[in-house]
Protein chains: 2
Amino acid sequence: MPRRGTATAMAAGGRRATIRDVADRVGVSLITVSRALRRPEVVSGPVRERVREAVEALGYITNRAASGLASGTSRVVPVIVPSLARPAYAAFLDGVQAELAGQGFQVLLGTTEHRVDVEDQLVGALLGWAPAGLILSGVDHSAGTRRRLRGAGIAVVEAMDLADEPLDLNVGFSHRGTGEAAAAHLADGGRRRVAYAGTQTEMDQESVKRIAGFRAALRERGLPDHYILRGDEPSSLAAGGTLLDDLLGRFPDVDAVFFGDDVLAAGAILECRRRGLAVPGRLAVMGADDHEVASASTPAITTIAAPRREIGAVAARMLLDSIRGGPPEVRRVDVGFRIVERESTKGGRT
Amino acid sequence: MPRRGTATAMAAGGRRATIRDVADRVGVSLITVSRALRRPEVVSGPVRERVREAVEALGYITNRAASGLASGTSRVVPVIVPSLARPAYAAFLDGVQAELAGQGFQVLLGTTEHRVDVEDQLVGALLGWAPAGLILSGVDHSAGTRRRLRGAGIAVVEAMDLADEPLDLNVGFSHRGTGEAAAAHLADGGRRRVAYAGTQTEMDQESVKRIAGFRAALRERGLPDHYILRGDEPSSLAAGGTLLDDLLGRFPDVDAVFFGDDVLAAGAILECRRRGLAVPGRLAVMGADDHEVASASTPAITTIAAPRREIGAVAARMLLDSIRGGPPEVRRVDVGFRIVERESTKGGRT
DNA sequence: TTGAAAGCGCTAACAC
DNA sequence: GTGTTAGCGCTTTCAA
């Protein structure tokens, strides 16, 4: 350690103050201090007050490692998301964090970049903290991870998507459903050659399901379901433009496109404008996630909105309830989604 | 604990496997296992291999609390940001997380909502984990937090903004500078009644500094510096529209507005369109953060871009270097920012 | 309401 | 290259 503590408020010797130091200063036993800190109601008023003063004076901070080791659990909750680059997950994380922090729990962050092997590793590493519970986004995990999580004996929430057989607790909405709804919306608007275009779709189970729902709904209506385009760069306006180029190169006759997210859709619309291609006249464009860019584009983009931040908050609440009160009756919450209709899919050729 | 472990891979008795169980199974002492796990090169090949197998078979996971307690430090780094709702901070966090995870460190997340008292509390709580280092966004902290952090004897990075007197390490760009640059850009484009409009500006030190730089640069040019509007709702397209309304109500003659972020600017542009107010003809509009909405708006919005994700990555690298090699020679990195000029501030009345 | 003893699972230091 | 010993700072019994 290259640095050295120089703060005034410290135990003699320059060490960080321990519960022992606080006890000595107050003149009680160490365990009394521990109790005064964790369950103030069980110690006498005067003692409680003097402990408070000594803690303040010494700058005492509970050592979480010691506390966790002795008690076998810690007030920490690992939260695993695919990525922070996508606003949808940032919003989810925000919801979780706000709710958990309010209850004195800390979030340990992990990102998988949509890779199952990374998730396996992360779960292993994070379980080492003896967490009170764990929140995962997504419902598709390796067999090893599922076994490990069940074996850990802690509360687990799978969030964002809906699980057929939840590991424990589950909150989200149907990604398959969003695909079906998008196809229905475009087809019912009179579009006949309806495409999907997205990036990094193979690894991301959410888009795999969305595409499956999308294609199924098209087939049901007797429409072709093979206008599917997958890119591999991350989402950006530029990527949206490129996707549109590729799409029109491969399928020149498409009359509607559902993009993996609003940023791609907005980028495609910019490209349409460059090409002088009318939206929605010639081509209907639809996105997902209800990103600001969808309302700010011209034309404004029809999108799919889901309460991502609220999913995070609900996930956190379900977890806390389970930690405190045991398994709840409601193990699975479907928060739903809705289509926000805007200009980019208006009209069509009914 | 309402649940119970039922996994197959466990030590006898249903407990979670400890290093002791691994040692017994391999037939070596416990410390040998510990070494095989942390510094494989110091144990013999065969032992290393048998430990690996036993770990696998038992599903052993290192107990971080025990490890941290025994060693006095942990591979965990608290990262404190004002909020996750703003994409700029999500990008920063993403950069930190990616870099740290790659080196086997875990991120403990804290958000302050721009409140100094919350930051104080968070720092206290998070130091309890005996972290290897700590990353804060912002450079303005309470005296108590400064003292505490210095006393903790760990590496600390203040990120995003530039500090006059860094606590330890510092990486970011000048927020005052962005304000000056925005004012200069608008004034040099011939605008004479130049306004600033933002939300939640009192608590956010970054915007306080940006406004200070903005006003100073206007005064330097002999322009009025009192066209300043502060809202108090969070940033959104709607809030941008409202700000524009208020602004034109109070200062009907403004000819340019610098918004606190691109989303507000985009919302204002939508409102201008509703009112039939020409941008940039009648009013120049400028934003900040280089959000997608700035390129996707019509007209496209001039903005200020800074490498937020990279700041996070650099912060993480500086921290790791400091943890591993002691205080580095470079303690302060200015990553700079740039104005991205687009249509929304073109022309003017030179 | 308070205290004493024991030990959580690991690592540092020092043998061998 | 491997083992022994002694804690790290707290919480959990159990007892007073």
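All values below were derived from every heavy atom in this structure, side-chain atoms included, with hydrogens, water molecules and symmetry-related copies excluded. Protein chains get the first letters and strands the later ones, always in sequence-line order, with residue 1 at the start of each.
- Between B:Arg64 atom CZ and C:dT11 atom C1' the separation is 13 Å, expressed in whole Å.
- Heavy atoms from other residues, nucleotides or ligands lying under 6.0 Å from CD of A:Gln205 number more than 12.
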Could I get a table of every N or O pair under 3.5 Å where one atom is in the protein and the other is in nucleotides 5-8 of chain C?
residue : atom : partner : partner atom : Å
C:dC8   : O2   : A:Ala70 : N            : 3.3

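- Using modelled atom types, one finds a donor on one side chain and an acceptor on the other under 3.5 Å when comparing A:Gln97 with B:Thr111.
- The side-chain tip of A:Arg308 does not point at the ring of A:Phe92 from less than 6.0 angstrom away and within 45° of straight on.
- Spacing between atom CD1 of A:Ile61 and atom P of D:dG9 amounts to 14 Å, rounded to whole angstrom units.
- Nearest heavy-atom pair across A:Ser137 and A:Val81 is OG-CA, 3.4 Å.
- Note: CZ (A:Arg16) to C1' (D:dC8) measures 12 Å, nearest angstrom.
- A salt bridge links A:Arg52 with A:Glu49: the distance from a Lys NZ or Arg NE/NH1/NH2 to an Asp or Glu carboxylate oxygen falls below 4.0 Å.
- With values rounded to the nearest 0.5 angstrom, A:Met318 atom CE is found 10.5 Å from A:Glu158 atom CD.
- Along DNA chain D, the nucleotide closest to B:Gly27 and the one closest to A:Ala65 are compared, and the more 5′ of them pairs with B:Gly27.
- In this structure, A:Arg20 atom CZ and C:dA4 atom P are separated by 9 Å, rounded to whole Å.
- Panel note: side chain A:Arg332, backbone A:Ala163; a donor-acceptor pair is recorded below 3.5 Å.
- B:Ser34 and B:Arg38 are linked by a side-chain donor-acceptor pair at a separation below 3.5 angstrom, with hydrogens and angles left out of the test.
- Note on B:Ser29: a side-chain N or O is less than 4.0 Å away from OP1 or OP2 of D:dG3.
- Contacts between residues 35-45 of chain B and DNA chain C, counted as heavy-atom distances below 4.0 Å, involve B:Arg38.
- Close to C:dC10, at under 4.0 Å from its OP1 or OP2, lies no side-chain N or O of B:Ser34.
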